[in-house]
Amino acid sequence: GDINGNILPEKAENGSCKKDADKMDLAEQSLLNKLIRRSLVRNRNQVEVLQRDPTSPLYSVKTFEELRLKPELLKGVYDLGFNRPSKIQENALPMMLAQPPQNLIAQSQSGTGKTAAFSLAMLSHVDTANKWTQCLCISPTYELALQIGQVIEQMGKFYADVKLAYAIRGNKVERGIKLQEQIVIGTPGTVLDWCTKYKLIDPKKITMFVLDEADVMIATQGHRDQSIRIHRMLNKDCQMLLFSATFEESVWRFAEQVVPDPNIIRLKREEETLDTIKQFYVVCKEKEDKFTALCNLYGSLTIAQAMIFCHTRKMASWLTAHLTKEGHQVALLSGEMTVEQRASVIERFRQGKEKVLVTTNVCSRGIDVEQVSLVVNFDLPVDMDGNADNETYLHRIGRTGRFGRRGFAVNMVDSKHSMDIINQIEMHFNRRITKLDTDNLEEME
Ligand code: ADP
């Protein structure tokens, strides 16, 4: 897929090309999140649980011991540094491990412990005496499948009898000889081939089926159809588990098709707010002028850490080059980088190796760097019609209110049009955006 939506600078400069940006590959974004995630995302919302049978008792666990896992698995869990189940794991794990088996649809934002949960469920489900594939997990891309496999391998590292195979492109296999690996993880196309053309897996012997990243999966028609075809080959009493980071209507319809009689677990994202953010605007003439204003701000930028948003790649690299020429240390997150390169830039920034990160909206969507206390909109966020893009504005500078962290936002205004946008944003959020004189920065104190 195309990593960044490849906004054409010329078009995007006048704000008419956001549609391309929106096409930013969902799978790439999900992978980026996985690569940069080091710990659980904090979320203070309540988990919502909808039981298939509301009269049966609702089990939740506060410790991994309560799950009565095999000692080898419990050891693997603790070895990963997990002390207690995450919010969604508290409910999802007992459901996934229950006898008789129960189906589950679970939705929560990335980083809340879904992958770890179903990895543990699969490992726990396997009967090691049986040398055939019992757990099948499908994921939208090769890279995402590998990421899941890594979790299973780490968690299962003391449980030597469980074996894992990857049904991904390029994995050479012999036709007709059934796999002995109890867990298979792969992409829909290859899994389908392995079940039908190559007959390596007997779908009737699968007793646990996991579909991860359902929202990403159905974004591609081919994947959606293949998933349904795989699902149709399974036994009716195979345990079905489906996970998604988001839950639009389309995901929901798909989930209901794949998972009959489900239990449902949801954890809503924490709302973003501008309440703890002081917002300013600076009036400039053109980009050189904005650059000067930015340099005047630079001292305040580097007190903590700052992110600077530009509308296009071209502008982002222009700005980075100029800041660097002035002797500043800045990192650039840019569209032409591979997802691994972007992950490493974000990682360095998180570690504080660079204090300032220049980026376009497309590149940084969905990433959350907690220590950023100042956001500069070098270009204001606009939609395809050139109107204020309030949602993007909120994503850039909003905070989830965790720890009541305070922050600053500075908006560069370079035309009457961009002044109108500031006014639209003020109106929309009903929050004041104050004029700032960068020659006199006392207001920011
Ligand atoms: P998701 O699949 O929802 O994106 P992951 O399962 O990948 O979430 O978990 C996100 C991060 O949190 C990973 O780095 C993972 O190792 C870690 N993690 C998962 N469960 C726990 C837990 N119970 N305790 C501590 N860390 C956890």
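None of the values given here were measured: they were computed from a predicted structure. Start at 1 and go down the list; that is how both ligands and their atoms are numbered.
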Open item on the list: Determine whether Asp79 and Lys157 satisfy the following criterion, salt bridge (charged side-chain N to carboxylate O under 4.0 Å, His left out), listing intermediate values before the conclusion.
Closed with: CA-CA 9 Å; Asp79 192 65; Lys157 80 173 183 193; 2.7 Å; yes
Open item on the list: Before you tell me yes or no, could you show the steps for Arg342 and Glu28 under salt bridge (charged side-chain N to carboxylate O under 4.0 Å, His left out), namely the whole-Å CA-CA distance, both residues' side-chain angles and the distance that decides it to 0.1 Å?
Closed with: CA-CA 11 Å; Arg342 283 187 282 150; Glu28 290 269 0; 3.8 Å; yes
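Residue Ala116 has at least one nitrogen or oxygen atom sitting less than 3.5 Å from a nitrogen or oxygen atom of ligand 1, judged on distance alone. Every N/O-N/O distance between Phe82 and ligand 1 stays at or above 3.5 Å. Checked against a 3.5 angstrom limit, the closest N/O atoms of Lys114 and ligand 1 fall inside it.
Exactly one of Glu354, Arg348, Glu347 qualifies for a side-chain hydrogen bond (donor to acceptor under 3.5 Å, both in side chains) with Gln351. That residue is Glu347.
Heavy-atom distances between Phe64 and ligand 1 reach below 4.0 Å in at least one pair. Assignment of Thr112 to the shell around ligand 1 is supported, since a heavy atom sits closer than 4.0 Å.
Atom 13 (C) of ligand 1 has as its closest protein heavy atom Arg37 CG, 4.3 Å.
Taking the side-chain contact (heavy atoms from CB on, under 4.5 Å) definition, one finds that Glu256 meets it with Trp252, sequence neighbours left out.
Ring geometry for Phe378 versus Trp318: interplanar angle of 30 to 60°, hence tilted.
At a heavy-atom cutoff of 4.0 Å, ligand 1 is contacted by the backbone of Arg84 but not by its side chain. Residue contacts with ligand 1 for Ser39 involve N, CA, C or O but no side-chain atom from C-beta outward (heavy atoms, distance under 4.0 Å).
Residues Phe118 and Phe243 bring their aromatic ring centres within 6.0 Å.
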